[in-house]
Amino acid sequence: MSIGLKQVFNKDKTFRPKRKFDPGTQRFELHKRAQASLSSGVDLKATVQLPSGEDLNDWVAVHVVDFFNRINLIYGTICDFCTESTCPVMSGGPKYEYRWQDDTKYKKPTALPAPQYMNLLMDWIEVQINNEDIFPTSVGVPFPKNFLPICKKILCRLFRVFVHVYIHHFDRILLMGAEAHVNTCYKHFYYFVTELNLIDRKELEPLVS
């Protein structure tokens, strides 16, 4: 493993603690199956397809948590270089600016420096995935009716992290020799959200080329 990839996987550089699945649960088994497929070199487009007989919500839940962990790691490797002075606006190049809005402090879309936006984003996602009413972990407890819309919002916002990292910080990824890892993670994410129509195509435009 290159020095760059060691840095990507260095737990001390993780932007947020990883969320894990409890052994013995259905979601843990789905997570293991998804990871095994990725490790085996199977075509990424094939790995994102819903396995026969499995529940869509479970499949999405596993991937949302996994992508949160992975993207959290990727941003952790460059967060020292993403500052209020280098990135005074959360953007993806000159054409795309992302404003933060939540149900508490920022009730209207608000322009923020990228690191502040990232902190709020990761905090917000952590609250969602640790909320048992949204991501139930007990066997037999159903997902809420608005589960997929919530996941779509999480994935849409996680995509913006990719946009910012690729457009504004990819030089750091290259210097660490971690571009292959980041590219694979992005492709996996892209194939998953397009396979299951979880992100509006318009949102994907900043990285279309």
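Remember, predicted model here, so these are calculated numbers, not experimental data.
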Trace of the side chain to side chain contact (heavy atoms under 4.5 Å, CB included) decision for Leu207 with Phe159: CA-CA 10 Å; Leu207 294 182; Phe159 176 74; 4.0 Å; yes

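- Note on residues 183-201: no pairs pass salt bridge (Lys or Arg N to Asp or Glu O under 4.0 Å), not counting sequence neighbours.
- Using modelled atom types, one side-chain atom of His168 and one backbone atom of Gly93 make a donor-acceptor pair closer than 3.5 Å.
- No side-chain heavy atom of Thr47 sits under 4.5 Å from any side-chain heavy atom of Tyr191.
- Here the OG1 atom belonging to Thr194 is positioned 8.0 Å from the NZ atom belonging to Lys45, to the nearest 0.5 angstrom.
- Taking CD1 of Ile167 as the reference point, atom NE2 of His169 lies at 11.0 Å (rounded to 0.5 Å).
- Annotation: side chain of Ile173 is in contact with side chain of Met176 (closest heavy-atom distance under 4.5 Å).
- Scanning both residues, Lys152 and Leu198, for their nearest heavy atoms gives CG-O, 3.3 Å.
- Taking the ring-ring contact (aromatic ring centres under 6.0 Å, His included) definition, one finds that Phe170 meets it with Tyr166, sequence neighbours left out.
- Partners of Leu50 by side-chain contact (heavy atoms from CB on, under 4.5 Å), not counting sequence neighbours, listed by chain and number: Glu54, Leu56, Trp59.
- For residues 134-148, the set of pairs meeting the salt bridge (Lys or Arg N to Asp or Glu O under 4.0 Å) definition, not counting sequence neighbours, is empty.
- When side chains are defined from C-beta on, Leu44 counts as touching Thr184, because their heavy atoms get closer than 4.5 Å.
- Looking at Val165 and Val161, their side chains come closer than 4.5 Å, going by heavy atoms from C-beta outward.
- Between the side chain of Asn131 and the backbone N or O of Val127 there is no donor-acceptor pair closer than 3.5 Å.
- Side-chain contact check for Cys87 versus Cys82: some heavy-atom pair is nearer than 4.5 Å.
- Between atom CG of residue Leu73 and atom OG1 of residue Thr77 there is a gap of 8.5 Å, rounded to the nearest 0.5 Å.
- Side chains of Glu126 and Phe68 form a contact here, defined as non-hydrogen atoms less than 4.5 Å apart.
- A 4.5 Å side-chain heavy-atom check between Pro206 and Tyr96 finds at least one atom pair inside the cut-off.
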Check against side chain to side chain contact (heavy atoms under 4.5 Å, CB included), Tyr75 and Arg70: CA-CA 9 Å; Tyr75 185 68; Arg70 288 168 180 268; over 6 Å; no

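- By the ring-ring contact (aromatic ring centres under 6.0 Å, His included) test, Phe162 pairs with Tyr186, Phe189, sequence neighbours left out.
- For the side-chain contact (heavy atoms from CB on, under 4.5 Å) test, residues two or more places apart in sequence or in another chain that qualify with Asn146 are Pro144, Ile150.
- Take Thr83 and apply the side chain to side chain donor-acceptor pair (under 3.5 Å) test, not counting sequence neighbours, and it matches Ser85, Thr86.
- In this structure, Trp100 and Met90 have side chains that are not in contact, with every pair of non-hydrogen atoms separated by 4.5 Å or more.
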Phe81 vs Asp171, side chain to side chain contact (heavy atoms under 4.5 Å, CB included): CA-CA, chis, key distance, verdict: CA-CA 11 Å; Phe81 306 95; Asp171 56 334; over 6 Å; no

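- For the pair Asp66 (side chain) and Val62 (backbone), a donor-acceptor distance under 3.5 Å is absent.
- Rounding to the nearest 0.5 Å places CD of Gln128 at 11.0 Å from CG of Asp133.
- Of the possible donor and acceptor atoms, none in the side chain of His164 sits under 3.5 Å from a partner among the backbone N and O of Gly92.
- By the ring-ring contact (aromatic ring centres under 6.0 Å, His included) test, Phe147 pairs with Phe135, Phe143, sequence neighbours left out.
- Using a 3.5 Å distance cut-off with no hydrogens or angles, the side chains of Ser138 and Glu132 do not pair a donor with an acceptor.
- Within the structure, the salt bridge (Lys or Arg N to Asp or Glu O under 4.0 Å) test picks out the following pairs touching residues 90-118 (sequence neighbours left out): Glu97-Arg99.
- Scanning for side chain to side chain donor-acceptor pair (under 3.5 Å) contacts around Gln116 gives Tyr106, with sequence neighbours left out.
- Atom CG of residue Leu158 and atom SG of residue Cys151 lie 10.5 Å apart, to the nearest 0.5 angstrom.
- The side chain to side chain donor-acceptor pair (under 3.5 Å) test applied to Arg160 returns Tyr117, Glu203, not counting sequence neighbours.
- Taking the six-membered ring for Trp and thresholds of 30 and 60 degrees, Phe67 and His63 have ring planes inclined between 30 and 60 degrees apart.
- Note that the CG atom of Leu112 and the CG atom of Leu121 stand 11.5 Å from one another [nearest 0.5 Å].
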